[in-house]
Amino acid sequence: MKALVVGGGGFVGPYLVSHLTKELGYEVNVTKTQKEILNIADVGIYDLDILDIEQIKELLNNLRPDYIFHLAAQSSVAYSWKNPALTIDVNIKGCVNLLDAIKELDYKPRVLLIGSGEEYGHIKQDECPIVEDNVLRPGNIYAATKSCQNMLGKIYADAYGLDIMMVRAFNHIGPNQTPTFVVADFCKQVAEIEKGIKEPIMHVGNLAAKRDFTDVRDVVKAYALLVKGGKHGETYNVGSGHAIAIEEILNKIIDLSDRDIKVEVDPNKLRPVDVPIIEPDITKINEAVGWKPEIKLETTLKETLEYWRNQGD
Ligand code: A2R
């Protein structure tokens, strides 16, 4: 099988490529942005800006992949408040460019669009755990763009018969994630405290929010299963199914350290609108392709902290 990972230079891309090549034996090509450096053996690596449809068309015509994973995004909620226009361009227009380029092909690759659990937004207590056809009430700019991407995917699948599946991925974590995301941020802070380059105080945002965390290596397995066995036009939640308070995550990470660490709330880390609980029902993906996460949260936190301990200062 020939797979193309679009936007593979970020956090998830290398994990997905590794799974596709090493565990599934696929022939894999990856796109990255011009500024990214990506060294992965045995895969084709191409620079691609998804805002340039001609570049996408040329690449697709040359590579003719069976499976396309669309990972390219402005993926930070915090940054989406600061630069809504860029977030809308990359996440919506970029996706439409990709779908339009796919529409022009003389064959139908299977396509997986990566959305987010954030799309559900302000969920009501009795809606948890959330099923895929729950009302979407996005609470931030990033979530709004991902909801729009999801709707566009469904429209292109129905109107043009494209073989598109969509996922709503909940928080995924692991080594190598940028510290704009909460678990990487906490682990980096603890590692810096241990190295003596930071005072023993953790600066944190909203600790009461409950989120669902899954190891990125489990998440990419779900993507590979869905692109192969998902039903076109359908959306699947990808997550653990058990939301946990950020405070609990923080305590678990602090407990992995032998230092005496204090916690302080930093107003700069509080988002303008925060959604109290996001927890998925993962029955649909489980029934469709038999996926459920396997790696324990404690294992992921330990490995992520270890990753930050090994980073140069
Ligand atoms: O912004 P960069 O240079 O780090 O590149 C990001 C890339 N990207 C683009 N690719 C092509 N054309 C563009 N105009 C463009 N703008 C950004 O998408 C980055 O390499 C990649 C997304 O990777 P991350 O931000 O690390 O996201 P992650 O955690 O790998 O998540 C993958 C997907 C995203 O759609 C998330 O929104 C979703 O899963 O949760």
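Numbering of ligands and ligand atoms starts at 1, following listing order.
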I'd like to know if the side chain of [X] reaches the main chain of [Y], judged simply by a donor and an acceptor atom lying under 3.5 Å from each other, with no hydrogens or angles considered.
{"X": "Lys32", "Y": "Ile45", "value": "no"}
{"X": "Glu264", "Y": "Asp266", "value": "no"}
{"X": "Thr145", "Y": "Tyr142", "value": "yes"}

Exercise. Please indicate whether any nitrogen or oxygen in Asp49 is less than 3.5 Å from any nitrogen or oxygen in ligand 1.
Key: yes
Salt bridge or not for [X] and [Y], using N-O below 4.0 Å?
{"X": "Glu306", "Y": "Lys302", "answer": "no"}
{"X": "Lys228", "Y": "Asp66", "answer": "no"}
{"X": "Glu118", "Y": "Lys146", "answer": "no"}
{"X": "Arg168", "Y": "Glu119", "answer": "yes"}
{"X": "Asp126", "Y": "Lys124", "answer": "no"}

Exercise. State the CG-CG distance between Leu226 and Leu113, to the nearest 0.5 angstrom.
Key: 12.0 Å
With backbone taken as N, CA, C and O and side chain as the heavy atoms from C-beta onward, which portion of [X] lies under 4.0 Å from ligand 1: side chain, backbone, both, or neither?
{"X": "Ala169", "answer": "neither"}
{"X": "Leu48", "answer": "backbone"}
{"X": "Lys35", "answer": "side chain"}

Ligand-residue contact atoms, ligand 1 with [X], heavy atoms, under 4.0 Å:
{"X": "Val12", "answer": "28 (P), 29 (O), 30 (O), 31 (O), 32 (C)"}
{"X": "Thr33", "answer": "2 (P), 3 (O), 5 (O), 8 (N), 9 (C), 10 (N), 11 (C), 15 (C)"}
{"X": "Tyr142", "answer": "36 (C), 37 (O), 38 (C), 40 (O)"}
{"X": "His172", "answer": "40 (O)"}

Tell me, which protein residue and heavy-atom name are nearest [atom], and how many Å apart are they?
{"atom": "atom 23 (O) of ligand 1", "result": "Gly10 CA, 3.5 Å"}
{"atom": "atom 16 (N) of ligand 1", "result": "Val90 CG1, 3.6 Å"}
{"atom": "atom 4 (O) of ligand 1", "result": "Glu36 OE2, 3.1 Å"}
{"atom": "atom 12 (N) of ligand 1", "result": "Ile50 N, 2.9 Å"}
{"atom": "atom 18 (O) of ligand 1", "result": "Ala73 N, 3.1 Å"}
{"atom": "atom 39 (O) of ligand 1", "result": "Ile114 CG2, 3.2 Å"}
{"atom": "atom 24 (P) of ligand 1", "result": "Ser75 OG, 3.5 Å"}
{"atom": "atom 26 (O) of ligand 1", "result": "Phe11 N, 2.8 Å"}

Quiz item: Are more than 12 heavy atoms from other residues, nucleotides or ligands located less than 6.0 Å from atom CD of Glu36?
Solution: yes
Do any side-chain atoms of residues 7-19 form donor-acceptor pairs under 3.5 angstrom with protein atoms, and if so which ones, sequence neighbours left out?
{"unit_1": "Tyr15", "atom_1": "OH", "unit_2": "Pro175", "atom_2": "O", "d": "2.5"}
{"unit_1": "His19", "atom_1": "ND1", "unit_2": "Glu23", "atom_2": "OE1", "d": "3.3"}

Quiz item: Among Gln149, Lys32, Lys146, which residue places a heavy atom closest to atom 35 (O) of ligand 1?
Solution: Lys146
Quiz item: Nearest heavy atom to atom 32 (C) of ligand 1: which of Val30, Leu71, Ile56, Val238 does it belong to?
Solution: Leu71
